[in-house]
Amino acid sequence: MYGLTTFAKGPFSLFDSFRDFDRNFFNNTEVCSFKTDIREEDDKYIMEAELPGFEKGDIQLDVNGDELVLSAVHSQEQLEKTKGTYICRERSYNSYKRRFDISGIDAEKIEAEYKNGILYMILPKKQPDVPTSRRLEIK
């Protein structure tokens, strides 16, 4: 009989070993991506995406068929505003892009608001087509 192995975070965690390997291999840099939370309510989904440090104008939302593309880019002008020489620079100025399947979403009614570094989106579910019934006239 085999027992279950837990992978909880701790001083001897398997995931910590991989993270440390990743940091050492990539010279103490981590792969960056923004985090999202999506929760379901009765007639909609609510998505919250963390995009700290971005201005509202840096964020783009595009609907391509059944796909929502969320991208955020720091403009070159923002990078050139700084003066002086950096001794240490840990903050990254990257572009981010994620794609989401919205096949069950009414894309025409999506709402978005950006506040305090978080993009809030309301994604209404598509309402199922209810077949209509009618009486035909006999000629």
Side-chain angles (χ1 to χ4, degrees):
M1 190 84 165
Y2 295 99
L4 295 175
T5 304
T6 60
F7 294 104
K9 289 191 175 220
F12 301 107
S13 169
L14 177 65
F15 292 119
D16 288 338
S17 299
F18 285 120
R19 189 186 66 234
D20 292 341
F21 170 77
D22 185 44
R23 283 185 181 157
N24 292 334
F25 184 78
F26 291 108
N27 195 20
N28 289 332
T29 60
E30 293 184 18
V31 178
C32 298
S33 178
F34 59 89
K35 294 174 176 46
T36 59
D37 293 335
I38 302 172
R39 67 181 191 272
E40 181 177 9
E41 291 186 2
D42 293 334
D43 59 344
K44 64 186 170 232
Y45 297 98
I46 298 175
M47 183 170 84
E48 298 173 5
E50 286 184 352
L51 295 165
F54 286 94
E55 297 293 327
K56 182 177 158 183
D58 298 335
I59 302 168
Q60 290 184 331
L61 295 169
D62 296 308
V63 176
N64 298 324
D66 286 342
E67 184 177 71
L68 172 70
V69 180
L70 194 163
S71 58
V73 179
H74 284 287
S75 64
Q76 189 64 27
E77 293 83 35
Q78 289 174 322
L79 299 176
E80 293 173 355
K81 284 182 183 178
T82 58
K83 294 181 182 177
T85 303
Y86 284 98
I87 297 170
C88 175
R89 188 171 192 173
E90 295 180 339
R91 296 183 303 152
S92 64
Y93 292 96
N94 295 324
S95 62
Y96 304 99
K97 182 183 279 191
R98 288 191 64 185
R99 299 173 189 280
F100 299 91
D101 177 22
I102 57 168
S103 55
I105 302 298
D106 187 352
E108 299 297 322
K109 296 181 181 175
I110 294 176
E111 297 176 18
E113 179 184 10
Y114 185 64
K115 184 170 48 173
N116 297 330
I118 299 178
L119 177 67
Y120 299 92
M121 296 183 65
I122 297 175
L123 308 158
K125 294 178 182 179
K126 280 185 184 175
Q127 298 301 318
D129 292 331
V130 179
T132 58
S133 62
R134 61 187 176 107
R135 182 166 286 165
L136 296 174
E137 183 180 323
I138 302 172
K139 294 185 183 183

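Fair warning: this is a prediction, and the values are worked out from it, not measured in the lab.
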Here the pair of heavy atoms bringing Glu48 nearest to Arg39 is OE2-NH1, 3.0 Å
When rounded to the nearest 0.5 Å, the distance separating CG of Leu119 from CG of Leu61 is 5.5 Å
dist Leu68:CG -> Asp62:CG (nearest 0.5 Å) comes out at 8.0 Å
Q.
Under 4.5 Å between side-chain heavy atoms, counting indirect links through other Ile/Leu/Val/Met/Phe/Trp/Tyr residues: same cluster for Ile122 and Val69 or not?
A. no
When rounded to the nearest 0.5 Å, the distance separating CD of Gln127 from NZ of Lys109 is 7.5 Å
When you group the ILVMFWY residues by side-chain heavy-atom contacts below 4.5 Å and let the links chain together, are Ile118 and Met121 in the same group? no
Here the pair of heavy atoms bringing Asp66 nearest to Asp101 is O-OD1, 3.2 Å
**Prompt:** Applying the 4.5 Å side-chain criterion to the ILVMFWY set and letting contacts propagate, would Phe100 and Ile46 be lumped into a single cluster?
**Reply:** no
*Measure from the side-chain N and O atoms of Lys97 to the backbone N and O of Val73, and report whether any donor-acceptor pair falls under 3.5 Å.*
no
When rounded to the nearest 0.5 Å, the distance separating NZ of Lys126 from CD1 of Ile102 is 8.0 Å
Here the pair of heavy atoms bringing Ala72 nearest to Leu51 is CB-CD2, 4.1 Å
Between Tyr120 and Ile110, is there a shared hydrophobic cluster once you connect ILVMFWY residues whose side-chain heavy atoms come closer than 4.5 Å? no
Check: Okay, side chain of Tyr114, backbone of Phe54: is any donor-acceptor separation there less than 3.5 Å?
Finding: yes
Inspect the surroundings of CD in Glu113 and state if more than 12 heavy atoms from other residues, nucleotides or ligands are less than 6.0 Å away.
yes
Lys125 and Asp42 have their tightest heavy-atom pair at NZ-O, 3.3 Å
Side chain of Arg99, backbone of Glu67: donor and acceptor closer than 3.5 Å?
-> no
